[in-house]
Colleague: 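For reference, the structure I am asking about is given below.
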Amino acid sequence: MTTIDLPDTVVRPDDMGAATPRDDQPNGAGLLAAGLSATALLSACGGGNDGVTAEVATPKMQAEVLRVETTGTSTVTAPIAAADASRFLAQASMGANRALIAQVQAQGYAGWLDAQFALPASGTRWDWMASKGYNAAANKNSEAGFDAAAWRKLITSPDTLRQRVTLALSEIVVTAIDGLVGLGWRAFSAAAYLDLLEANAFGNYRTLLGQISTSVPMGQFLTFRGSIKANPSTGSHPDENYARELMQLFSIGLVQLNLDGTPKLVNGAPVYTYAQDDVSGLARIFTGWDIDLAGGDTSTPDFMRRPMKQYPAKHETGASTFLDATVGTGLGGADALKAALDIIFAHANVGPFISRQLIQHLVTSNPSPAYVSRIASVFNNDGKGVKGNLKAVIRALLLDPEARQAPPSASAASFGKQREPIMRFVNWARAYSATSASDAWAIGNTSDPARRLGQSPLRSPSVFNFFRPGYVPPNSGIAAAALVAPEFQLTDESSVVGYVNYMQHAVASGVGDVLADYSSLIPLADTAATLLAEINTVLAAGQLSAATQTLIVGALNAMPRGTAAARLNRIYAALTLTLAAPEFIVLK
């Protein structure tokens with residue numbers, strides 16, 4: 001694990017009013033940023049004060065390509081504004097920058113998606129780790145290399161849409177590196193799992209279910225690796241962990257759903273999708289699966305990359321009944337698994353259950369039932385009779401009118417989502433071309449909420465992800481409005497201040513040798529409104545309110561200007577304050 005030196009005194013959760021800025025940081029930026037970030041939480045929860053308005057210079061809307069509008073009998077093309085392209089990229093990528101904004105403007109939303117779908121995969125985490133020597137025997141019982149490989153992909157891979165979908169899938173069909181135990185090589189097991197998700201990000205969800213169900217990482221994490229058929233003489237039973245979570249979290253959910261994702265009700269009550277007998281019946285399918293050493297041993301991590309194999313003597317060949325269907329007797333393990341997954345995938349819940357979560361991860365926490373219904377319909381039939389086509393689903397949900405409408409007014413408070421901490425960090429890194437000169441990418445584990453981001457790739461505390469899709473902040477405006485806010489499960493006083501401190505240091509000093517390039521901002525730095533307008537467009541999709549812009553511009557105007565050092569300090573302050581602003585943290 002890499003140790004990161006954070007600012008000595010910026011803002012601390014127990015003494016927010018008494019912090020003293022470091023000499024090498026913009027005066028007051030830490031305090032102001034923490035205040036903005038706290039305002040974001042209050043505003044999103046239904047509190048705070050948003051009654052201040054002011055006139056602030058805004059960026060000139062830049063041409064993009066073509067949104068089609070019809071007037072009478074003529075068809076008119078309207079350019080996509082830079083801020084609209086940035087908003088689209090906030091949903092469809094790991095983060096906007098000027099080059100990507102220009103691509104969206106030149107290609108249009110659909111054209112940009114087509115270009116991203118056509119991009120080849122950008123190499124695997126596994127191969128990069130092996131090339132760096134992390135597969136040396138000395139690393140068998142460490143996590144060395146994984147964090148670097150994960151962050152490197154998120155920050156630099158040109159197939160940015162694929163990376164965004166991979167991150168979303170990793171938070172739906174969850175494993176976590178801390179649970180990949182019993183075989184050593186945890187870093188490679190984690191890398192193999194993310195590589196598997198990436199390989200299927202634009203594929204078919206049924207194929208993905210089959211591959212995770214035979215993957216070593218999932219077998220480790222949900223403990224069915226080595227599960228054996230029941231033994232009446234000892235009273236042992238098959239491991240039920242994966243059978244339960246496969247249904248509850250990865251496919252059908254707990255209650256029966258309508259196509260629009262709303263619960264089916266009988267006499268006003270929801271109807272459960274499965275019971276304990278279904279779990280026990282399905283668990284019989286997952287017996288006899290274990291690692292495939294292919295004539296080798298565990299002295300290298302290679303076996304982690306291969307699917308598990310069947311050991312027939314350990315597999316239950318009797319009938320397995322679940323979800324009102326039966327996998328018959330006498331089938332081998334692979335055939336039984338195929339039959340079982342076909343039964344699950346045929347369930348009417350899969351389309352709305354998975355589609356709604358993908359919308360939540362990419363676009364909005366509270367999609368309308370009509371939005372869910374449209375995307376679930378594509379999940380169920382991509383137009384060619386194929387169910388589970390993720391490419392078609394991703395395309396439909398990002399081009400849907402509910403995603404592409406202009407940012408709603410304050411009256412449409414249900415639209416939008418909090419950017420999860422990983423996304424906030426990578427949005428900054430991508431916006432300003434962060435690189436690691438040594439190719440070490442020594443960002444490390446950023447899970448600590450008090451000193452880092454409070455979230456780190458593939459480091460969920462449990463199979464239920466960092467945040468639940470139905471999470472409601474207690475005693476909040478969100479709860480009063482009967483809405484959900486999944487990412488707020490990561491949000492508390494400690495994580496708010498920890499994030500601001502971490503980002504203030506990252507912006508000004510980098511993380512290890514991961515440094516951003518601010519050359520595009522330096523010519524703008526002496527004019528506060530111009531500098532903020534550019535940052536607002538690229539990072540915040542033009543969504544900073546007039547009141548927030550006034551606050552930030554005032555802080556920048558109080559700082560020195562005219563020298564190289566002063567310009568950098570103004571850039572650091574503008575970025576830190578934007579990254580802490582309510583309208584950046586909560587994307588509309």
Side-chain angles (χ1 to χ4, degrees), residues 44-46 87-88 90-92 109 165 168-169 171-172 205 247-274 344-383 387-418 465 467-473 476-489 586-588:
C45 288
R87 178 174 178 266
F88 170 73
Q91 299 168 348
Y109 299 128
V165 176
L169 290 173
E171 296 178 356
I172 297 172
Y205 197 74
M247 291 189 290
Q248 179 181 347
L249 301 176
F250 303 166
S251 61
I252 64 174
L254 288 172
V255 299
Q256 293 185 22
L257 301 175
N258 297 304
L259 184 66
D260 64 7
T262 58
K264 290 183 177 179
L265 302 178
V266 174
N267 298 323
V271 180
Y272 290 105
T273 52
Y274 65 88
I344 293 170
F345 193 62
H347 196 286
N349 264 32
V350 179
F353 185 70
I354 299 301
S355 295
R356 187 174 191 276
Q357 290 187 73
L358 287 170
I359 295 169
Q360 286 184 303
H361 277 277
L362 301 182
V363 177
T364 182
S365 296
N366 294 277
S368 70
Y371 188 7
V372 175
S373 179
R374 290 191 294 271
I375 306 310
S377 296
V378 174
F379 188 104
N380 288 340
N381 184 343
D382 65 356
K387 183 177 183 179
N389 180 345
L390 289 174
K391 183 186 292 186
V393 169
I394 297 302
R395 181 183 175 89
L397 74 85
L398 289 170
L399 296 179
D400 190 87
E402 195 162 327
R404 297 278 51 83
Q405 65 186 349
S409 66
S411 62
S414 64
F415 189 88
K417 67 190 297 294
Q418 186 189 141
N465 188 32
F467 43 84
R468 300 293 299 272
Y471 177 74
V472 180
S476 66
I478 291 170
L483 301 173
V484 302
E487 292 83 359
F488 272 77
Q489 194 167 355
V586 178
L587 174 70
K588 286 291 189 177

Colleague: Which distance, rounded to the nearest 0.5 Å, do you find between the CD1 of Ile359 and the OG of Ser368?
Modeller: 8.0 Å

Colleague: Identify the heavy atoms of Pro270 and Val255 that sit nearest to each other, and give their distance.
Modeller: CB-CG1, 4.0 Å

Colleague: Would you mind listing every side-chain hydrogen bond (donor to acceptor under 3.5 Å, both in side chains) that reaches into residues 249-259, with sequence neighbours excluded?
Modeller: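 Non-adjacent pairs meeting side-chain hydrogen bond (donor to acceptor under 3.5 Å, both in side chains): Asn258-Thr262.
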
Colleague: If a pair satisfies salt bridge (Lys or Arg N to Asp or Glu O under 4.0 Å) and one of its residues is in residues 352-367, list it, with sequence neighbours excluded.
Modeller: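 Every candidate salt bridge (Lys or Arg N to Asp or Glu O under 4.0 Å) pair involving residues 352-367 fails, so no pair, neighbours aside, qualifies.
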
Colleague: Could I get the full list of salt bridge (charged side-chain N to carboxylate O under 4.0 Å, His left out) partners for Arg395, not counting sequence neighbours?
Modeller: Asp114

Colleague: Can you tell me how far the CZ atom of Phe353 sits from the NE2 atom of His347, to the nearest 0.5 Å?
Modeller: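 Atom-to-atom, Phe353:CZ and His347:NE2 are 11.0 Å apart.
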
Colleague: Kindly write out the residues that satisfy ring pair (Phe, Tyr, Trp, His ring centres under 6.0 Å) with Tyr371, not counting sequence neighbours, or none if the list is empty.
Modeller: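 Result, ring pair (Phe, Tyr, Trp, His ring centres under 6.0 Å) vs Tyr371: none returned.
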
Colleague: In Å, rounded to the nearest 0.5 Å, how long is the span from CG of Leu397 to OG of Ser355?
Modeller: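 Atom-to-atom, Leu397:CG and Ser355:OG are 8.0 Å apart.
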
Colleague: Which value, rounded to the nearest 0.5 Å, describes the distance between Leu362 atom CG and Leu587 atom CG?
Modeller: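 The CG atom of Leu362 sits 11.0 Å away from the CG atom of Leu587.
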
Colleague: Provide the full list of salt bridge (Lys or Arg N to Asp or Glu O under 4.0 Å) pairs with a residue in residues 366-381, sequence neighbours left out, each pair given once.
Modeller: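 Sorted result for residues 366-381: Arg374-Asp400, Arg374-Glu402.
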
Colleague: May I ask you to decide if Gly253's main-chain N or O and Thr273's side chain share a donor-acceptor pair within less than 3.5 Å?
Modeller: yes

Colleague: side-chain contact (heavy atoms from CB on, under 4.5 Å), that's the test. Do Val472 and Phe488 meet it? Break it down for me.
Modeller: CA-CA 8 Å; Val472 180; Phe488 272 77; over 6 Å; no

Colleague: List the atom of Gln357, the atom of Leu249, and the distance in Å for their closest heavy-atom pair.
Modeller: NE2-O, 4.2 Å

Colleague: For residues Leu398 and Val363, determine if any side-chain heavy atom of one lies less than 4.5 Å from a side-chain heavy atom of the other.
Modeller: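 Touching, per the 4.5 Å side-chain cut-off.
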
Colleague: What are the two closest heavy atoms between Leu259 and Ser373, and how far apart are they?
Modeller: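 The pair with the smallest heavy-atom distance is CD2-OG, 3.5 Å.
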
Colleague: Do you know which two heavy atoms are closest between His361 and Ala168, and how far apart they sit?
Modeller: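 That would be CB-CB, 3.9 Å.
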
Colleague: Over all heavy atoms of both residues, which pair between Val350 and Ile344 is shortest? Give the atoms and the distance, please.
Modeller: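 Closest approach of Val350 to Ile344: CG2-O, 3.4 Å.
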
Colleague: For Pro367 and Val372, which heavy atoms make the closest approach, and how far apart are they?
Modeller: CG-CG2, 3.7 Å

Colleague: Nearest 0.5 Å, please: how far is CD in Glu171 from CG in Asn465?
Modeller: 4.5 Å

Colleague: Please identify each residue that fulfils ring pair (Phe, Tyr, Trp, His ring centres under 6.0 Å) with Phe88, with sequence neighbours left out.
Modeller: Tyr109, Trp112

Colleague: Return the set of residues passing side-chain hydrogen bond (donor to acceptor under 3.5 Å, both in side chains) with Asn389 (not counting sequence neighbours), or none when no residue passes.
Modeller: Asp382

Colleague: Is there a side-chain contact (heavy atoms from CB on, under 4.5 Å) between Val165 and Leu390? Walk through the geometry before answering.
Modeller: CA-CA 9 Å; Val165 176; Leu390 289 174; 5.8 Å; no

Colleague: State which residues pass salt bridge (charged side-chain N to carboxylate O under 4.0 Å, His left out) with Glu487; sequence neighbours excluded, sorted by chain then number.
Modeller: Lys417

Colleague: Using the salt bridge (charged side-chain N to carboxylate O under 4.0 Å, His left out) criterion, which residues pair with Asp260? Sequence neighbours excluded.
Modeller: none

Colleague: Angle between ring planes, Phe379 versus Phe345, binned at 30° and 60°: parallel, tilted or perpendicular?
Modeller: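 Tilted.
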
Colleague: What residues form a side-chain hydrogen bond (donor to acceptor under 3.5 Å, both in side chains) with Arg404, not counting sequence neighbours?
Modeller: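 Scan of Arg404 (side-chain hydrogen bond (donor to acceptor under 3.5 Å, both in side chains), adjacent residues dropped) gives Gln91.
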
Colleague: Any chance you could measure Ile252, atom CD1, to Tyr274, atom OH, to the nearest 0.5 Å?
Modeller: 7.5 Å

